[in-house]
J.: 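One structure coming up, written as structure tokens, with questions to follow.
Computed from a predicted model, the values in this text were never measured in an experiment.
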Amino acid sequence: MPHVPHGLAMQLQAYDPARAAEPLPPVSPEEWERRAREVLADGPFGYVAGGAGAEDTMRANRAAFARRSLVPRMLRDVSRRDLGVELLGHRLPAPVVLAPIGVLGILHAEGELAPARAAAAEGVPFVLSTVSSVPMEQVAAAMDGVRAGAPRWFQLYPARSRDVMASLVARAERAGYTAVVVTLDTTMLGWRETDLRNRYLPFLQGQGLANYLSDPAFRALLPVPPEQDPRAAVQAFLGTYVHPGFSWDDLAFVRASTRLPLLLKGILHPDDARRALDAGVDGVIVSNHGGRQVDGAIGALDALPAVVEAVGTRAPVLMDSGIRRGADVLKALALGARAVGFGRPYAYALAAAGEAGVRHALRCLLADLDLALGLCGQASVADVDASLLA
Ligand SMILES: Cc1cc2nc3c(=O)[nH]c(=O)nc-3n(C[C@H](O)[C@H](O)[C@H](O)COP(=O)(O)O)c2cc1C
Ligand SMILES: CCCCC(=O)C(=O)O
């Protein structure tokens with residue numbers, strides 16, 4: 001298993017006088033965001049940075065972390081620390097995955113290939129979006145090029161066509177993805193004022209459709225191949241993708257279509273979590289999609305405890321929406337998350353510095369987590385519980 005960077009090693013690298021002349025890459029998510037702002041046009045930058053409506057929920061995500069405090073414990077031997085966690089039968093080097101982010105081709109020429117390779121190098125699971133700019137098989141091959149069998153999950157968006165869903169899942173299985181994440185909260189796009197103002201929706205330019213356009217079941221729905229009529233293909237994509245009718249019935253179909261572990265992303269209510277487990281899913285991801293869907297929705301960290309309580313020991317609960325630093329990861333774990341999704345910060349690092357940027361942003365997060373864990377008097381993330389919080 002890849003070795004997680006120790007916080008101390010990352011510090012020594014930064015402070016090393018022999019390297020003082022080298023430019024120091026950003027160490028904070030805010031700095032990556034500023035760099036991304038410098039290199040991106042308004043449309044793509046706003047698409048990543050924006051949230052739904054007045055962005056109250058986006059702020060609520062961060063406020064929920066700020067409202068909680070860690071209470072560090074002293075005089076415990078933390079000279080050997082373990083960030084590793086067990087998840088869906090696999091051992092991960094840290095309780096972190098790269099959250100699914102669509103259309104990364106709008107941020108960097110290499111699109112999903114760059115963060116997928118960065119994740120592979122660190123042994124952190126990469127969750128590939130349905131609406132990626134690069135077909136899932138190419139992403140898998142790029143990851144295997146870095147480390148054979150590097151952990152990867154496929155994020156599935158509901159589709160009106162069950163054939164398309166089944167085909168996408170079957171392809172993911174063949175390409176070595178080891179879990180399917182069904183995202184429930186985006187069957188329609190939220191009211192995103194920044195994008196409306198910028199008149200920016202990348203899918204309308206055909207971006208983010210690589211998995212669909214390369215899919216035999218989707219192509220079978222088209223009267224002519226997408227190469228002959230790209231606009232009709234975009235319309236067909238929208239007609240398939242937008243699916244507010246998606247229900248527990250459809251979920252049962254997805255459940256039956258694969259033996260891979262199934263995670264549901266976008267769960268915020270404990271009753272939905274319970275019902276998900278009854279429907280045979282293997283885990284839930286508490287998320288409000290980074291505040292991009294329902295403005296006014298509960299902050300994700302605030303929703304976590306009730307979902308954790310409802311799920312109990314039946315399945316792992318993950319969370320995302322607002323994770324920026326090591327302390328955020330600790331707070332989520334303390335409230336019962338098994339692992340977290342790291343989202344926007346890696347997208348900004350990708351825009352500013354490609355694969356190396358994503359890898360550095362990820363290593364900074366893990367270094368920060370390693371130090372925070374030890375300085376809180378915890379030797380292992382597996383031991384973190386609510387007693388770490390005020
Ligand atoms: C630009 C962008 C695109 C996203 N695309 C997807 C996607 O394709 N599928 C998905 O399940 N979630 C998607 N998400 C949501 C993320 O997986 C995650 O829930 C969110 O980024 C968490 O919020 P945070 O990044 O502010 O921490 C996207 C988020 C952003 C910012
Ligand atoms: C078609 C929607 C996909 C991308 C997404 O999830 C987002 O922009 O938040």
J.: Indicate if Y157 and V97 have the same hydrophobic cluster label, given that clusters are the connected sets of ILVMFWY residues with side-chain heavy-atom separations under 4.5 angstrom.
T.: yes
J.: Show, in sequence, the C-alpha distance, side-chain angles and deciding distance for R344 and R324, and conclude whether the side chain to side chain contact (heavy atoms under 4.5 Å, CB included) test is met.
T.: CA-CA 9 Å; R344 284 187 178 94; R324 298 292 176 269; 4.2 Å; yes
J.: Using 4.0 Å as the upper bound for N to carboxylate O, is an ion pair formed by D271 and R274?
T.: yes
J.: How many angstroms lie between CD1 in I285 and CG in L304, if you round to the nearest 0.5 Å?
T.: 12.0 Å
J.: Considering all heavy atoms of both residues, which atom of A114 and which atom of G354 are nearest to each other, and what is their separation?
T.: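 Taking A114 first and G354 second, the nearest heavy atoms are CB-C, 4.3 Å.
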J.: Should we say atom CD of E86 is surrounded by more than 12 heavy atoms from elsewhere, each under 6.0 Å from it?
T.: yes
J.: Say whether, by atom type as modelled, one donor and one acceptor occur between the side chain of R81 and the main chain of G374 under 3.5 angstrom.
T.: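 Flag not set: sc R81 to bb G374 has no pair under 3.5 Å.
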J.: In terms of side-chain geometry, is the basic nitrogen of R37 or D42 positioned less than 4.0 Å from the acidic oxygen of its partner?
T.: yes
J.: Any heavy-atom pair between the side chains of D370 and L8 that's under 4.5 Å?
T.: no
J.: Quick one: CG on D328 to CG on L70, what's the gap to the nearest 0.5 Å?
T.: 9.0 Å
J.: Drop me the distance from L375's CG to R73's CZ, to the nearest 0.5 angstrom.
T.: 14.5 Å
J.: Is there a donor-acceptor pair closer than 3.5 Å between any side-chain N or O of S257 and the backbone N or O of A166?
T.: no
J.: Quick one: does R76's side chain get under 4.5 Å of Q378's, heavy atoms only?
T.: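 Yes, side chains in contact.
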J.: Run V139 and Y177 through side chain to side chain contact (heavy atoms under 4.5 Å, CB included) and show every step you take.
T.: CA-CA 10 Å; V139 173; Y177 291 78; 3.7 Å; yes
J.: Under a 4.5 Å cut-off applied to non-hydrogen side-chain atoms, are N288 and I298 in contact?
T.: no
J.: Distance-only, no hydrogens or angles: does the T187 side chain make a donor-acceptor pair with backbone N or O of P158 under 3.5 Å?
T.: no
J.: Using a 4.5 Å cut-off on heavy atoms from C-beta on, say whether the side chain of Q293 contacts that of R192.
T.: yes
J.: Within the distance-only criterion (no hydrogens, no angle test), does the side chain of N61 pair as donor or acceptor with the backbone N or O of G322 below 3.5 angstrom?
T.: no
J.: Nearest 0.5 Å please: distance from the CG atom of L168 over to the CG atom of D215.
T.: 4.5 Å
J.: Any chance you could lay out the salt bridge (charged side-chain N to carboxylate O under 4.0 Å, His left out) test for R292 and D185, step after step, and finish with the verdict?
T.: CA-CA 10 Å; R292 300 164 68 78; D185 56 19; over 6 Å; no
J.: Do the side chains of I101 and Y346 get nearer than 4.5 Å, heavy atoms only?
T.: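 Yes; the side chains approach each other to less than 4.5 Å.
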J.: Membership question, hydrophobic clusters at under 4.5 Å side-chain separation (ILVMFWY): are W191 and V242 in the same one?
T.: no
J.: Does E112 use its side chain to pair, donor to acceptor, with the backbone of V134 at less than 3.5 Å?
T.: yes
J.: If every non-hydrogen atom of I323 is compared with every non-hydrogen atom of A332, which pair is closest and at what distance?
T.: CD1-CB, 4.5 Å
J.: Give a yes or no answer on whether the side chain of H360 reaches the backbone of P26 with a donor-acceptor pair at less than 3.5 Å.
T.: yes
J.: One thing to verify: whether D302 and R68 come together as a salt bridge, which I'm taking to mean a side-chain N less than 4.0 angstrom from a carboxylate O.
T.: yes
J.: Closest approach of A352 and A36, non-hydrogen atoms and distance?
T.: CB-N, 4.3 Å
J.: So, S247 and D249: side-chain donor and acceptor under 3.5 Å apart, yes or no?
T.: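 No.
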J.: Give the minimum heavy-atom separation between M319 and A337, together with the two atoms involved.
T.: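 Distance-wise, the nearest heavy atoms are CG-CB, 4.2 Å.
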J.: Side chains of S287 and D320: is there a donor and an acceptor less than 3.5 Å apart?
T.: yes
J.: Quick one: ring-ring contact (aromatic ring centres under 6.0 Å, His included) pairs with a partner in residues 46-97, sequence neighbours left out?
T.: none
J.: Does the side chain to side chain contact (heavy atoms under 4.5 Å, CB included) test come out yes or no for F154 and L260, once each step is laid out?
T.: CA-CA 10 Å; F154 178 68; L260 291 179; over 6 Å; no
J.: Identify which one of S132, S129, S167 satisfies the side chain to side chain donor-acceptor pair (under 3.5 Å) criterion when paired with N211.
T.: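 Only one of S132, S129, S167 forms a side chain to side chain donor-acceptor pair (under 3.5 Å) with N211, namely S132.
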J.: Below 4.5 Å, heavy atoms only, C-beta onward: do F45 and E33 meet side chain to side chain?
T.: yes
J.: Please evaluate residues D250 and H243 with respect to the criterion side chain to side chain contact (heavy atoms under 4.5 Å, CB included), reporting the C-alpha separation (whole Å), side-chain torsions for both, the decisive distance (0.1 Å), and the verdict.
T.: CA-CA 11 Å; D250 300 299; H243 188 15; 4.2 Å; yes
J.: Working to the nearest 0.5 Å, report the span between CE of M74 and SG of C376.
T.: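 Output value for this atom pair is 7.5 Å.
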J.: Can the positive tip of R152 be found less than 6.0 Å from the middle of the six-membered ring of F126, inside 45° of the ring normal?
T.: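 Here R152 fails the 6.0 Å and 45° test against F126.
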J.: Roughly how far, to the nearest 0.5 Å, is the CG atom of L369 from the CG atom of L83?
T.: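 So the CG of L83 and the CG of L369 are separated by 5.0 Å.
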J.: So D272 and L264, do their side chains get closer than 4.5 Å, heavy atoms only?
T.: no
J.: With a 6.0 Å cut-off (strictly less than), is the heavy-atom count around CZ of R162, excluding the residue itself, greater than 12?
T.: yes
J.: Shortest non-hydrogen contact from L350 to P115?
T.: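 Reported closest heavy-atom pair: CD1-CD, 3.9 Å.
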J.: Treating Ile, Leu, Val, Met, Phe, Trp and Tyr as nodes and any side-chain heavy-atom pair under 4.5 angstrom as an edge, say whether L318 and L277 lie in one connected cluster.
T.: yes
J.: Quick check on the hydrophobic clustering: are Y212 and F246 connected, directly or via other members, by side-chain heavy-atom contacts under 4.5 Å?
T.: yes
J.: Is there a path of hydrophobic side-chain contacts, each under 4.5 Å between heavy atoms of I/L/V/M/F/W/Y residues, joining L263 to L268?
T.: yes
J.: Looking only at the side chains, is there a donor atom on one of S161 and D163 sitting less than 3.5 Å from an acceptor on the other?
T.: no
J.: Quick check on salt bridge (Lys or Arg N to Asp or Glu O under 4.0 Å): which of R62, R325, R35 does E30 satisfy it with?
T.: R325
J.: With side-chain contact (heavy atoms from CB on, under 4.5 Å) as the test, pick out the partner of L262 among V180, V169, V284.
T.: V180
J.: Sort out for me which residue in E137, R171, Q138 forms a side chain to side chain donor-acceptor pair (under 3.5 Å) with S214.
T.: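 Option passing the side chain to side chain donor-acceptor pair (under 3.5 Å) with S214: R171.
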J.: Restricting to pairs with a member in residues 224-236, which pass salt bridge (Lys or Arg N to Asp or Glu O under 4.0 Å), not counting sequence neighbours?
T.: R219-E227
J.: Do you know which two heavy atoms are closest between G84 and V381, and how far apart they sit?
T.: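 Distance-wise, the nearest heavy atoms are O-CG2, 3.4 Å.
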J.: Return the orientation label for the F237 and Y241 ring planes: parallel under 30°, perpendicular over 60°, tilted otherwise.
T.: parallel
J.: Is any side-chain heavy atom of L366 closer than 4.5 Å to one of R363?
T.: no
J.: Check this for me, if you would: do D295 and R59 make a salt bridge, where the nitrogen-to-carboxylate-oxygen distance has to be below 4.0 angstrom?
T.: no
